[in-house]
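Quick note on labels: first sequence line is chain A, next is B, and so on, each numbered from 1.
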Amino acid sequence: MQQHSGNGGNGEQGAGGGLDSRRAGDWAIRLLCAACLLVLLLDGLLHLFHAKHGHFAAENWFGFYGAAGALSICGIVLGGRWLRRLVMRDEDYYERD
Amino acid sequence: MSAISALPPGTLLIAGALLLPLLRGAALKAWLLALPLLSFAHQLQAPEAGPPLQFFGLELVLLRADPLALAFGVVFHLAALIAALYALQLQDRMQHAAGLLYAGAAIAALFAGDLITLFIFWEFTALASVLLIWARRSERARHAGLRYLVVQVGSGVLLLAGAALHYRATGSLAFGALAPQSPGGALILLAFGVKAAFPLLHNWLQDAYPEATVTGTVFLSAFTTKLAIYALARGFAGTELLIPIGVTMTFFPIFYAVVENDMRRVLAYSLNNQLGYMVVGIGVGTPLALSGTVAHAFSHIIYKSLLFMAMGAVLLRVGRIGASQLGGLYRSMPWTTAFCIVGAVSISGLPLFSGFISKSLILSAAAEQHHTVAWAMLIIASAGVLKHSGIKIPYFAFFAHDSGLRVREAPLPMLIAMGAAATACLVIGVWPQLLYDILPHPVNYEPYTAAHVIGQLQLLLFAALAFALLLRFRIYPPELRATNLDTDWLYRRALPAAIRAAARAQRRLRAAAQTRAARLGHALIAWLRRHHTPPGLLGEPWSAGATALWAALLLAASLLLFYLRTAAAG
């Protein structure tokens, strides 16, 4: 298994000012936090005005989809890490005789 | 009815593609773009049904143009046109011909009214599409193509066997609703399942598609699997078994997509995941679910082509496609980056883009029928889609970190093709009724309600934030150049190893048997030699006295036996 130096997968971003810099990453996180707060606020308004008519009761809970999204990603990433331990082999695994 | 209109749409594409190797320069390019348009015009004037054809006593229906076939026909033609445009700058006429032959066969298969016609075009797609893998002209592609061909042709053989059993049981070859419980129906379902990449039958897709050429993968992503989805929708709508199968398909590829480094292989896993939604829709089987399946296939073909086109452009310009080897390409390829982001947000289901208005039909249909577990799993898988296709693909290729790569932007025809696909994603997302109007069942569904839009935005934004934080705190696994074992390990490693072990065991057994036989032979020869050579009993000449004594003893024994026999008879 070869790891590329300066791999973005490790969150190692350049210190420059481009969209691939660490600073841009930090800004992206701040923007996402703000956007998440905004949609939570809107979700609260829907809740107040009883404008949610989901097929399942859970859909009408405050912040249900936000929690589902965040928890799903955490589960998927952790599951992926576990899967990697199980299935990862050298790059030339099938070429080797 | 003219002779041409009696033929199924797609046959014009096949005939026209055969002329491509004869053309050069501008004529070649013009013909390449004109063919999908001409073929679409052919579809527009196709009658509802063509005349039946007698073939060895069987009645074949080459043309049956109902709303299901027509809807798939529209998007197959659109995909063929976009892919042809994307491939326009390519100098390889064999690839051009193979691409359009493949598209033509897939379109013709949509209009097959019987199982034998379906089988013929089913196998035709396999034969034409493998050329798009072999056109890469590498050893890896040659092997991957062979494996792909075995699986695809095998699927056709299952279909033919199923059709034969179905004919024996029912006396009909008509391709309509089939019974999965009957032996023929079960074999046909298996044949469709192979091509639709059902769990455990799926790995041909991730094995072969990333090994095809830059343009070949764009063609491949559109037709084979969606032809299988069409066939399942026609043959097995409402088969509840398809719901758990589809859910599994949406689920397991998202974990592989986390750890896979090859971006085109990530997209192949993502394709598998998207097929899962469609299979669930077919399993639910209500008019809304079936229309949702067709709508999602339509959206999916376009945004998946767009994502494969963007990654193809990166492969063309950079020469490699591993996430660990890319990054910061937005500087060099801004248009490709923008189009890729449109594909990424479309597949993620962001409101105003195509995935949002198609996937929600399937989710609503599952919820309406109270398939609670399936619905919950599809919601989780939706977050997974955002992670692997919505974020991973554009992020690691175009942002992440400055890899120092400075390359040219994609060629103009590629950019136009990507621009057209991106526009289609947006148009369908903004005006969903355009798509809903061509679906096989009327759709009375409003995707843009406040609750739906806010719910979806919440899901996507919180998922994106979780991804960003996992990446920031280095919990997200790093991109590594590696091979990840999947079910292809069974036939690429385990099966050859088992065959080698069996051959070794057979050789050992044969050698052991030969040694034992040789030992026995030697022992026998030694025994005979011992007794037949001096000083063995039979090896020495006997004296006259000894010979007379032995003769007398034999005579006495003979007389005694004769006496005993006579006494017993008396």
Side-chain angles (χ1 to χ4, degrees), chain A residues 1-4 6-14 16 18-21 24-26 28-29 32-33 35-36 39-40 42-43 46 51-56 59 63-81 83-84 86-95, chain B residues 140 254-256 258-259 322-325 327-328 330-331 364 367-368 370 372 375 379-380 383-384 386-387 395-396 399-403 450-451 454-486 492-493:
Chain A
M1 284 66 72
Q2 300 168 45
Q3 187 171 346
H4 190 267
N7 186 338
N10 282 333
E12 291 178 11
Q13 294 159 313
L19 291 174
D20 46 15
S21 65
D26 290 342
I29 290 176
L32 280 170
C33 285
C36 287
V39 288
L40 269 188
L42 292 171
D43 194 42
L46 287 181
K52 290 163 115 181
H53 308 288
H55 287 283
F56 302 109
E59 285 185 87
F64 167 75
Y65 280 106
L71 291 175
S72 301
I73 288 289
C74 293
I76 289 163
V77 168
L78 294 177
R81 286 172 67 107
L83 180 70
R84 172 171 276 179
L86 198 69
V87 301
M88 190 166 76
R89 299 290 184 274
D90 287 332
E91 195 178 19
D92 62 347
Y93 176 77
Y94 284 121
E95 278 72 42
Chain B
R140 272 176 74 101
I254 55 185
F255 295 100
Y256 269 98
V258 173
V259 297
S324 61
Q325 303 160 296
Y330 80 93
R331 291 182 173 84
S364 290
E368 275 179 10
H370 310 292
T372 315
W375 176 84
I379 291 289
I380 296 171
L386 171 83
K387 194 222 67 65
Y395 177 73
F396 286 113
F399 304 102
H401 69 112
D402 185 3
S403 59
I454 290 170
Q456 183 70 3
L457 283 174
Q458 227 186 99
L459 181 87
L460 297 179
L461 286 168
F462 274 86
L465 180 62
F467 176 84
L469 291 173
L470 291 171
L471 199 65
R472 187 78 172 78
F473 294 108
R474 301 181 183 221
I475 298 169
Y476 189 86
E479 295 300 322
L480 300 175
R481 292 171 63 180
T483 294
N484 296 307
L485 305 185
D486 200 337
R492 294 177 72 179
R493 269 278 182 265

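Of the inter-residue distances, the one linking Asp402(B) atom CG with Asp20(A) atom CG reads 5.0 Å to the nearest 0.5 angstrom. Distance check, rounded to the nearest 0.5 Å: CG of Asp43(A) to CD1 of Ile454(B) gives 7.0 Å.
The heavy-atom pair separating Arg493(B) from Tyr93(A) by the smallest distance is NH2-O, 2.6 Å. Nearest heavy atom pair, residue Ala383(B) against residue Ile73(A), reads O-CD1, 3.4 Å.
Residues Asp26(A) and Arg472(B) meet the side-chain proximity criterion, which asks for heavy atoms closer than 4.5 Å. At least one side-chain heavy atom of Leu40(A) sits under 4.5 Å from a side-chain heavy atom of Phe462(B). Arg81(A) is not listed as a side-chain neighbour of Val259(B), based on a closest heavy-atom distance of 4.5 Å or more.
Between chain B and the options Cys36(A), Cys33(A), Gly80(A), the largest number of non-hydrogen pairs under 4.5 Å is found for Cys36(A). Annotation: maximal heavy-atom pairing with chain B below 4.5 Å, among Arg84(A), Glu59(A), His53(A), occurs at Arg84(A). Top candidate by heavy-atom pairs under 4.5 Å with chain B, chosen from Gly75(A), Gly63(A), Ala67(A), Ala28(A), is Gly63(A).
Contact of Ile475(B) with chain A is made through backbone and side chain together, with heavy-atom distances under 4.5 Å. Both the backbone and the side chain of Tyr256(B) come within contact range of chain A, each with at least one heavy atom under 4.5 Å from a heavy atom of that chain. Heavy atoms of Leu470(B) lying under 4.5 Å from chain A belong exclusively to its side chain. Heavy-atom distances place both the backbone and the side chain of Phe467(B) under 4.5 Å from chain A.
The aromatic rings of Phe64(A) and Trp375(B) sit parallel, their planes meeting at an angle under 30°, below the 60° perpendicular limit.
Looking at Arg140(B), its side chain never comes within 3.5 Å of a backbone N or O of Glu95(A) through a donor-acceptor pair. Not a single donor-acceptor pair under 3.5 Å links the side chain of Thr483(B) to the backbone N or O of Arg89(A).
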